[in-house]
Amino acid sequence: MRQVAADLKSRGDLGFVPTMGALHAGHMALVELAVRENAGVAASIFVNPTQFGDPEDFDKYPNTLDADLTMLEQAGVEAVFLPDVSVIYPPGDETIVETTKLANMLHGEVRPGHFRGVTTVVTRLFNIVQPHRAYFGKKDYQQLAVIRRMVSDLHIPVEIRGVETVRDADGLALSSRNVRLTPEQRRAAAVLNAALTDAEEAIRGGADLDAARRVIRERIGAAPLARLQAIDIVDAATFEPVEGRPNGMVGIMVSALFGDVLLIDQREVTP
Ligand code: PAF
C-alpha cells in the first residue's frame, strides 16, 4: 500500500478517505471533495475492532464490499486499502495513541476506549498511506476534533478536512447504522435533525444554551420510539463545554437510541 501511495504521490497531492465500508452518500461526499482537491485519491475499508466496545456491535457491522468497491472506483478512487486485522495490529502489538482529555469526555465517557481505538487506527493508516490530506465527516463531530488534536499534537503532516453531513430528504443524517432501523424507527429518527433545527432557531432567537437543551429534550421526548442519550454543547473552536449565552460558534451534539441502534447527529450554530 505504501508503494501504491508513493506512485500516486508522484503525480501530485494524495487525498485519503479512511472508512469502515458500508458506504453511502455521506462517504461519497468525502470522496468527491478528495477527488476535487487532490491529484490522486486512496481510500481504506477496515472495520476497526479496537473502536467497538461491544463485540456484538462489531459483528453486526454491515459489510457491502462489492458495492463499496464499485462506488469508489466510479467516483475516481484509484487505490483501496483492505488490510487484515493482523496487518494493522501485528502480533505482539502494544502501542496506542490517545488524546487523553478529548477522548474521555462527552461521547467518549459513554464509550470508553472508542476514541483511543480511532486515533490508534488512524495513526497507523496515516503512517502506511502517508497522504497529504485526509477526509472525515462532521457528523462524527467529536471524532473530527479528536483527530485534529492528535494530528496537531503529534506533528503528523496530514491536512485534516471536515466535510458537511449528508442527509436524507427528511433530514436524517446518513449513517451505516440506518439500515438496522425498522421502518417505524427510521421514520422516528428524523427527530434528531428536527430537534437540532429547533435548538438552532432558539439560539439565533436569543435563547441561552439551557433553553436550547430543553427544546431538544422536549422534541426528542415527544418521539415515542426515541430514547435520548446525550445533548452536548461545546465551543466549536476549543471543544470546551459551554453554558449560558454563547459568544461564538457552538457545536451541538445529540445522541439517541432507536431500539438498540444508537444514532448521533450534530449542528454548528453561530448565535
Ligand atoms: O469514521 C469512521 O468510519 C471510523 O471511525 C474511521 C475514521 C474510519 C476509523 O476507523
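Atoms within a ligand are numbered from 1 in the order they appear, just like the ligands themselves.
- Listed by atom number, the atoms of ligand 1 under 4.0 Å from Phe136 heavy atoms are 7 (C).
- A 4.5 Å side-chain heavy-atom check between Asp232 and Gln266 finds every atom pair outside the cut-off.
- Across all non-hydrogen atoms, the minimal contact from Leu23 to Met71 is O-CE, 3.8 Å.
- The nearest heavy-atom contact from the protein to atom 7 (C) of ligand 1 is Gln143 NE2, 3.6 Å.
- Of all the atoms in ligand 1, the ones that sit under 4.0 Å from a non-hydrogen atom of Val121 are 9 (C), 10 (O).
- In this structure, the protein non-hydrogen atom closest to atom 3 (O) of ligand 1 is Met20 CG, 3.7 Å.
- When each of Ile128, Val122, Leu125, Leu8 is tested with Phe16 by the rule side chain to side chain contact (heavy atoms under 4.5 Å, CB included), just one qualifies, namely Leu125.
- The part of Thr19 lying near ligand 1 is the backbone, judged by heavy-atom distances below 4.0 Å.
- A side-chain donor-acceptor contact under 3.5 Å links Tyr135 and Asn38.
- Between Met253 and the choices Asp140, Leu196, Asp265, Val234, the side chain to side chain contact (heavy atoms under 4.5 Å, CB included) rule is met once, by Val234.
- With respect to atom 9 (C) of ligand 1, the closest heavy atom belonging to the protein is Gln51 OE1, 3.4 Å.
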